[in-house]
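Below you'll find the structure, written out as structure tokens, and then a few comments.
Just so you know, these numbers use all the heavy atoms, side chains as well, and skip hydrogens, waters and symmetry mates.
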Amino acid sequence: METIIAALASGAVTLAGVLIANGRSQAVTDTKLEELTREVRAHNNFAQRVPVLEEKLKVASHRLSDLERRMEQQE
């Protein structure tokens with residue numbers, strides 16, 4: 001009977017330790033997941049803005065070319 005009680009007590013302590021360790025591990029995983037989500041959102045925002053910047057650069061380049069042609073024609 002004492003062996004059974006000792007085994008149950010040992011099992012209870014082990015279970016408590018596993019639950020505590022799992023809770024801490026889950027907290028770390030949640031924190032890492034939140035950080036990764038934030039980084040992905042920042043990347044997606046940047047990825048959406050790049051085509052807009054490319055188009056603006058293209059327009060500015062055409063305007064500059066037009067101005068250079070006009071300057072050459074005036075000379």
Sequence neighbours excluded, which residues qualify as side chain to side chain contact (heavy atoms under 4.5 Å, CB included) partners of Arg70?
Leu67

Which other residues end up in the same hydrophobic cluster as Met71, if Ile, Leu, Val, Met, Phe, Trp and Tyr are linked when side-chain heavy atoms come under 4.5 Å apart?
none

Using a 4.5 Å side-chain heavy-atom cut-off and chaining through intermediate ILVMFWY residues, the residues clustered with Val59 come out as none

Of all pairs that satisfy side-chain hydrogen bond (donor to acceptor under 3.5 Å, both in side chains), the ones with a partner from residues 38-58, not counting sequence neighbours
Glu35-Arg38

Using a 4.5 Å side-chain heavy-atom cut-off and chaining through intermediate ILVMFWY residues, the residues clustered with Phe46 come out as Val50

Pairs involving residues 59-68, ordered by first then second residue, that meet side-chain hydrogen bond (donor to acceptor under 3.5 Å, both in side chains) (sequence neighbours left out)
Asp66-Arg69

Which donor-acceptor pairs under 3.5 Å do side chains of residues 1-14 form with protein atoms, sequence neighbours excluded?
{"unit_1": "Thr14", "atom_1": "OG1", "unit_2": "Ser10", "atom_2": "O", "d": "2.8"}

Thr29 OG1 to Asn22 CG distance, which is reported to the nearest 0.5 Å:
9.0 Å

Using links of under 4.5 Å between side-chain heavy atoms of ILVMFWY residues, direct or through other members, which residues join Leu33 in one cluster?
none

Enumerate the salt bridge (charged side-chain N to carboxylate O under 4.0 Å, His left out) contacts for residues 16-32, please, sequence neighbours excluded, ordered by first and then second residue.
none

